[in-house]
Amino acid sequence: MNWIQIKVTCRTEDLDSVVSLMSVLDSHLMIEDYSDIETGLNTCYGELIDESILNADKTHAKVSMYVDETKNYNDYVLFIKDRLRDLDLADKTEVEIIGVDDEDWFNSWKRFYHPLKIGEHLKIVPMWEDYEPEEGEIVVKMDSGMAFGSGTHETTRLCATLIEKYMEKDMHVLDVGTGSGILAICESKLGAKDINAYDIDPIAVRVALENAEKNDVHNIKCGVSDLLKDVDMSGGAYDFISANIVAEIIIRMTPDLARVTKIGSLVCVSGVIEEYANDVIECMEKHGFAIVDIMTDNDWKGIVFKRVL
């Protein structure tokens with residue numbers, strides 16, 4: 001079996017955050033951290049530690065995970081990059097994909113990408129593929145490019161499934177961390193009145209807009225925002241919010257939800273690993289939201305909350 005190494009180099013003070021993020025994807029991580037290596041450890045047997053380790057950079061650390069090359073490692077890379085941006089660490093880290101060149105990485109995900117059924121009626125189809133929909137199918141054509149969200153990852157599947165289940169006609173919708181725009185497009189095709197979709201990454205915003213246009217949906221507006229900071233409130237409080245981001249970021253966003261919602265508003269979150277699900281639930285309940293539904297896919301959870309206070 002051949003493996004692709006995904007390595008993130010970070011400042012030593014950010015190591016815990018990077019490890020926490022990457023452990024969401026894989027519990028078997030290799031960590032290179034020389035910050036606590038002491039010098040002067042000479043004994044009667046000579047120097048106990050190799051000189052290259054003693055001289056290693058102690059201000060930075062490296063965290064690596066290994067992905068079977070037969071899997072869609074592109075989803076892992078884009079997930080990591082998206083979440084590093086959410087944590088405001090994108091400019092303070094470097095992500096390397098070892099074992100594949102940039103061009104192969106950019107295109108590799110396409111060989112794993114085939115029409116995918118999600119929920120009862122949604123069918124996610126690669127943009128370049130001719131597809132004849134079956135009766136009752138709602139087709140969403142996607143080209144995720146350099147933005148996370150092709151539909152193959154558990155977190156996206158969970159969120160889309162719950163959106164289909166709870167989306168009602170003419171809802172005023174907010175999509176936080178839109179990535180490729182896949183959830184916003186699903187929301188539009190499921191009957192939302194309008195969707196404001198935001199991402200902290202301008203590339204993701206561009207990709208989301210392009211995908212919306214190619215799906216012939218015209219009620220999606222995309223913009224750059226750090227979580228809820230710059231969302232458009234001219235249309236009033238939102239009826240439905242989707243956020244496919246990690247638990248730590250959901251918790252950070254929760255205190256600001258009251259500003260953009262009203263009593264009865266629904267909030268659908270995904271990207272929640274089972275280990276941190278209770279933390280998210282406790283935080284949401286503390287701020288006036290009650291659980292409506294929970295779905296599980298492998299170790300991931302998608303949760304729908306309703307504002308009750």
Side-chain angles (χ1 to χ4, degrees), residues 79 82-83 86 118-122 124 138 140 148-149 151 153-199 208 219-220 222 225 227-228 231 237-274 276-285 287-298 300-309:
F79 183 93
D82 268 8
R83 277 38 183 189
D86 291 339
I118 296 179
E120 292 294 320
H121 302 287
L122 291 169
I124 313 301
I138 299 172
V140 176
F148 178 72
H153 197 272
E154 293 95 330
T155 61
T156 310
R157 295 199 304 264
L158 282 168
C159 216
T161 300
L162 288 167
I163 287 168
E164 181 185 23
K165 189 173 180 180
Y166 290 98
M167 180 61 54
E168 296 179 7
K169 188 177 180 181
D170 293 332
M171 278 183 158
H172 180 41
V173 177
L174 171 64
D175 184 34
V176 182
T178 194
S180 67
I182 184 171
L183 298 179
I185 295 167
C186 288
E187 288 159 346
S188 176
K189 295 202 171 195
L190 288 165
K193 178 178 68 175
D194 55 57
I195 304 101
N196 288 333
Y198 294 93
D199 202 285
N219 60 344
I220 298 175
C222 298
S225 179
L227 298 179
L228 305 179
V231 303
Y238 290 91
D239 302 306
F240 192 102
I241 296 176
S242 54
N244 181 20
I245 47 184
V246 293
E248 181 179 345
I249 307 304
I250 294 168
I251 290 170
R252 182 190 301 178
M253 176 182 73
T254 298
D256 201 24
L257 283 173
R259 182 175 62 84
V260 298
T261 57
K262 58 189 176 184
I263 301 298
S265 294
L266 297 177
V267 179
C268 178
V269 301
S270 189
V272 180
I273 201 72
E274 187 169 5
Y276 303 113
N278 285 337
D279 295 336
V280 172
I281 292 168
E282 288 175 7
C283 183
M284 290 291 289
E285 289 179 339
H287 287 87
F289 291 83
I291 296 176
V292 174
D293 200 351
I294 300 180
M295 294 186 69
T296 302
D297 190 344
N298 292 322
W300 298 94
K301 290 188 180 296
I303 311 172
V304 176
F305 296 91
K306 177 184 283 188
R307 183 175 170 188
V308 293
L309 295 175

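Everything numeric here is computed off the predicted structure, so don't read it as measured data. Along the sequence shown, residues are numbered consecutively beginning with 1.
Interatomic distance, Asp194 CG to Ile220 CD1, rounded to the nearest 0.5 Å: 10.0 Å. Interatomic distance, CD of Glu285 versus CD1 of Ile291, reported as 5.0 Å (0.5 Å rounding). The line from CG of Leu183 to SG of Cys159 is 5.0 Å long, rounded to the nearest 0.5 Å. Atom CG of Leu158 is separated from atom CG of Asn298 by 9.0 Å, given to the nearest 0.5 angstrom. We find the CD-CG distance between Glu168 and Leu190 to be 12.0 Å, quoted to the nearest 0.5 Å. Of the inter-residue distances, the one linking Met295 atom CE with Arg157 atom CZ reads 10.5 Å to the nearest 0.5 angstrom.
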For this session: Apply side chain to side chain contact (heavy atoms under 4.5 Å, CB included) to His172 and Asn196, showing your working.
Result: CA-CA 8 Å; His172 180 41; Asn196 288 333; 4.2 Å; yes

For this session: Under the side chain to side chain contact (heavy atoms under 4.5 Å, CB included) rule, what do Phe305 and Leu266 come out as? Steps first, then yes or no, please.
Result: CA-CA 6 Å; Phe305 296 91; Leu266 297 177; over 6 Å; no

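A search for side-chain hydrogen bond (donor to acceptor under 3.5 Å, both in side chains) contacts involving Asp279 returns nothing, not counting sequence neighbours.
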List, one per line, each side-chain donor-acceptor pair under 3.5 Å for residues 247-254, sequence neighbours excluded.
from, atom 1, to, atom 2, distance (Å)
Arg252, NH1, Asp86, O, 3.2
Thr254, OG1, Ile250, O, 2.7

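Put simply, the side chain of Leu174 reaches to within 4.5 Å of the side chain of Tyr198, judged on heavy atoms. Within the 4.5 Å cutoff, the side chain of Asp239 has heavy atoms near those of the Lys262 side chain. At least one side-chain heavy atom of Ile124 sits less than 4.5 Å from a side-chain heavy atom of Ile118. Side-chain atoms of Cys186 and Glu164, non-hydrogen and from C-beta on, never get closer than 4.5 Å to each other. No side-chain heavy atom of Val246 sits less than 4.5 Å from a side-chain heavy atom of Tyr276. Considering only heavy atoms from C-beta on, Tyr238 stays 4.5 Å or farther from Ser265 through its side chain.
In terms of heavy atoms, Ser242 sits closest to Asp175 at OG-OD1, 2.7 Å. Residues Ile245 and Val176 share a closest heavy-atom pair of CG2-O, 4.4 Å. The two atoms that bring Thr155 and Trp300 nearest to each other are CG2-CE3, 3.3 Å, heavy atoms only. Listed here is the closest heavy atom pair of Ala208 and Cys222: CB-SG, 3.9 Å. Here the closest heavy-atom approach between residue Leu122 and residue Val140 is recorded as CD2-CG2, 4.4 Å. Scanning all heavy atoms of the two residues, the minimum distance from Ser225 to Leu228 falls at OG-C, 4.0 Å.
Using a 30° and 60° split on the angle between ring planes, His153 and Phe79 fall in the parallel class, below 30°.
The only member of Glu274, Glu154, Lys301 that meets side chain to side chain donor-acceptor pair (under 3.5 Å) when paired with Thr296 is Lys301.
In this structure, the side chain of Glu187 does not engage the main chain of Met167 through any donor-acceptor pair within 3.5 Å. Side chain of Asn219 to backbone of Ser188: no donor-acceptor contact under 3.5 angstrom is found. Within the 3.5 Å criterion, the main-chain N or O of Leu257 finds no donor-acceptor partner in the side chain of Arg307. Side-chain atoms of Ser270 never come within 3.5 Å of backbone atoms of Thr156 as a donor-acceptor pair (strictly under, hydrogens ignored).
Residue-environment remark: NZ (Lys306) stays at or below the threshold of 12 foreign heavy atoms within 6.0 Å.
Checked by atom type, the side-chain pair Thr178/Asp199 shows no donor-acceptor distance below 3.5 Å.
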